[in-house]
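Residue numbers begin at 1 in each chain, while the letters A, B, ... track the order of the sequences.
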There are 2 protein chains.
Amino acid sequence: MSEILTQSIQDYLKQIYDLSADGTPASTNDLAARLGVAPASVTGMLQRLSNVSPALVVYKKHQGATLTVEGERAALEVIRHHRLLETWLVQTLGYTWDEVHEEACRLEHVISEDFERRIAAALGNPVRDPHGDLIPTADLTMPNDDTRPLASLRTGEAGTVKRVHGADPAFLRHLQGLGLVPGAQVHVQAYSEFDGNLTLQVDSHPACVVGLAITKQVFV
Amino acid sequence: MSEILTQSIQDYLKQIYDLSADGTPASTNDLAARLGVAPASVTGMLQRLSNVSPALVVYKKHQGATLTVEGERAALEVIRHHRLLETWLVQTLGYTWDEVHEEACRLEHVISEDFERRIAAALGNPVRDPHGDLIPTADLTMPNDDTRPLASLRTGEAGTVKRVHGADPAFLRHLQGLGLVPGAQVHVQAYSEFDGNLTLQVDSHPACVVGLAITKQVFV
DNA sequence: AAATATTTTTAGTCTAAGCTAAATTTTATT
DNA sequence: AATAAAATTTAGCTTAGACTAAAAATATTT
Ligand SMILES: [Mn+2]
Ligand SMILES: [Mn+2]
Ligand SMILES: [Mn+2]
Ligand SMILES: [Mn+2]
C-alpha cells in the first residue's frame, strides 16, 4: 500500500484518532457505529491497516486499535483539512456552524496541500474552527487543549466558552439559542447536586438551566 | 443503480460529453486515452452505463457512445461544478488559470448543490470560467457558443479572445506570455497560406507569429 | 463457577472498477 | 477482393471495501 490513503482509510484513521484520544483503544463496535459500517467490515480494515508498511494502526485481536505515529500523522492531516475547511466555509461563504460539518467531511479528502496552504493563509492561520476545535498546525502537531467541561464549574465560577463538542446540527442550533457558542461569557449561578444541572447566565441572554447532556459537551 | 453517480462515472460522462460535442459518438479508444484507463475498461463501463435505468449513454457495439438526456444532465452538472470552481479558485484564492484545472477536477465530484449555489451567487453567476469556457446554467442548459477559432481569421480581421481550449498548464502559460487570454484584443496582420500561421497584434504586446496548433485552440 | 449476553472475528459473498491477453470486428492498404 | 492494421470486445483475473451468517472470545450476571 505504502502511500495511497483512500477516503475510506482516512475516515477510519480520523475516527480511531477521536475514539482513542482518551488513551483507550478504539473498539470495533464503536468504530462501526461511527463509520456507519458493519463490525465485520471494521475488523477487516483494522487487519489491513495494521499489516501495511508502514503500519497505520496497532491492532491486536479483541483489543481494539490505536494509531501508529504514521497513522496519527495521516489522521491529523485530514483533521487539519476538515477544520480549516469548516472555518473557511463559515468565513467566506456564510455557512453557519451547524451546516459546515457535512460539506467539510467530503471536501477534506480531496483538497491539495496547496489549497490547504491558501485557505490557511487567507484565514490568518486560525487556531480553532467554528466549533472551537483546535486545528492541527501545518507541521501536524495538535496544540494542547487547556479547556475543561462546563459541567465541572460550580456556583460562582465563570468562564469563556472555548469549544463545543458534537456535530448534530439540531444540537448546535439549540446551543446557539442559549448563546452557548465559542466566545460567550458564562457565569454559573447555581449548581444542582443531584442532576448536575447548572443555572447559567450567558452573556446578556436570559438565565437558563442546562443538564449534563449539554454541560459535558461545552468547554470553557 | 438509479441514482448513485460515482466519481468514475461522472468522469466518463464528462468525457463523453466533450468527445461527442461535434455530433460524432465518443470512441472507446479516445475515452480510454482521456480517462487514463485501458480500452477494455471503457467497453465495460459503457455497457454498464447503457444498461442502467434510466440509461445514461447510448451505446452500440463498435459504434461509440453518446449521452442520453439523463446522461447529459449529469455531465452538465459536473461541468457546471468544475467551471464554477475554477472561476472561484481564481477569484478568491489567487490561483492562476494554469493551476485550477486539477484542483477543480477533484472538487467537482464532492461539492453539494448548496455549495454550488453559494459560490455561483458569490461570483455573480458568471457565464464563463477563467479559460472562457461557458458555464452551464443552474437549470443545466449549456449556453450556445458563438465564438469561432482564431485560425479562421484572415489578414485585417480582428476580434476579442473569448475562450482558450486546453488544460495543459505549460500551454496556458505560453499563451499568457503571448497575451492570448480571454479579453485580449487581437488584430490579424498577416496570414500565411501554406502553414496557416497568423501574425498577430495582441493588445500592446509585441507582434507574434503563431501556428495552427495555437490558433485552433483560441476562440474569438 | 456457570450461564448468559455482548463483542469481535472468521468465512464466504458481492459490486465497482480496474487490468491483461486473446478473439473479433471494422477500417485501410495493397 | 484479399490482406494487414487498428480498434473494439470478450473472457478471466484482481483489489478495495462493503455485507451476512456463523463461530469464537470476552464480559457480565446469576
Ligand atoms: Mn494537508
Ligand atoms: Mn468542527
Ligand atoms: Mn450541482
Ligand atoms: Mn476551465
Side-chain angles (χ1 to χ4, degrees), chain A residues 1-16 19-20 24-53 55-66 71 74-75 78 105-106 108-110, chain B residues 1-16 19-20 22 24-66 71 74-75 78 105-106 108-110:
Chain A
M1 174 169 299
S2 82
E3 266 302 284
I4 327 117
L5 298 184
T6 64
Q7 166 162 338
S8 184
I9 289 176
Q10 292 180 1
D11 285 333
Y12 274 88
L13 296 177
K14 206 168 52 146
Q15 296 304 335
I16 295 169
L19 287 168
S20 64
T24 68
S27 78
T28 301
N29 261 6
D30 286 356
L31 281 169
R34 292 274 196 110
L35 293 162
V37 302
S41 307
V42 173
T43 301
M45 182 61 100
L46 293 180
Q47 289 168 342
R48 216 147 59 76
L49 295 180
S50 62
N51 284 329
V52 294
S53 69
L56 296 169
V57 319
V58 176
Y59 165 71
K60 284 268 162 55
K61 257 190 206 181
H62 294 103
Q63 311 203 161
T66 55
V78 184
C105 267
R106 277 175 284 107
E108 65 190 7
H109 308 291
V110 305
Chain B
M1 174 167 298
S2 81
E3 268 301 284
I4 324 117
L5 299 184
T6 64
Q7 165 161 340
S8 185
I9 290 177
Q10 292 180 1
D11 286 334
Y12 274 88
L13 296 177
K14 207 167 51 145
Q15 296 304 336
I16 296 170
L19 288 168
S20 63
D22 60 2
T24 70
S27 79
T28 301
N29 262 6
D30 286 355
L31 281 170
R34 293 277 195 109
L35 293 163
V37 302
S41 306
V42 173
T43 301
M45 182 62 100
L46 293 180
Q47 288 169 342
R48 216 146 61 73
L49 294 180
S50 63
N51 283 328
V52 294
S53 69
L56 296 168
V57 320
V58 176
Y59 165 71
K60 283 267 162 53
K61 259 193 208 182
H62 295 102
Q63 309 203 164
T66 55
V78 184
C105 268
R106 280 176 282 106
E108 66 191 5
H109 308 290
V110 305

For the pair made of CD1 in A:Ile4 and P in D:dT15, what is the distance, rounded to whole Å?
12 Å
Salt bridge (Lys or Arg N to Asp or Glu O under 4.0 Å): which pairs involve residues 25-42 of chain B, sequence neighbours left out?
B:Asp18-B:Arg34
side-chain contact (heavy atoms from CB on, under 4.5 Å) filter on B:Val78, not counting sequence neighbours, yields B:Gln10, B:Lys14, B:Glu108, B:His109
Across nucleotides 2-10 of chain C, 5' to 3', mark each nucleotide with B, S or - according to how protein heavy atoms within less than 4.0 Å reach it.
-----SSBB
Taking every heavy atom of A:Ala55 against every heavy atom of A:Ser50, the minimum-distance pair comes out as CB-O, 3.7 Å
Does C:dG18 have its OP1 or OP2 closer than 4.0 Å to a side-chain nitrogen or oxygen of B:Tyr12?
yes
What is the distance from atom OH of A:Tyr59 to atom OG1 of A:Thr43, rounded to the nearest 0.5 Å?
5.0 Å
Distance check, rounded to the nearest 0.5 Å: A:Leu35 atom CG versus A:Asp11 atom CG?
6.5 Å
Just how far, in rounded Å, is C1' of D:dA18 from CG of A:Leu49?
14 Å
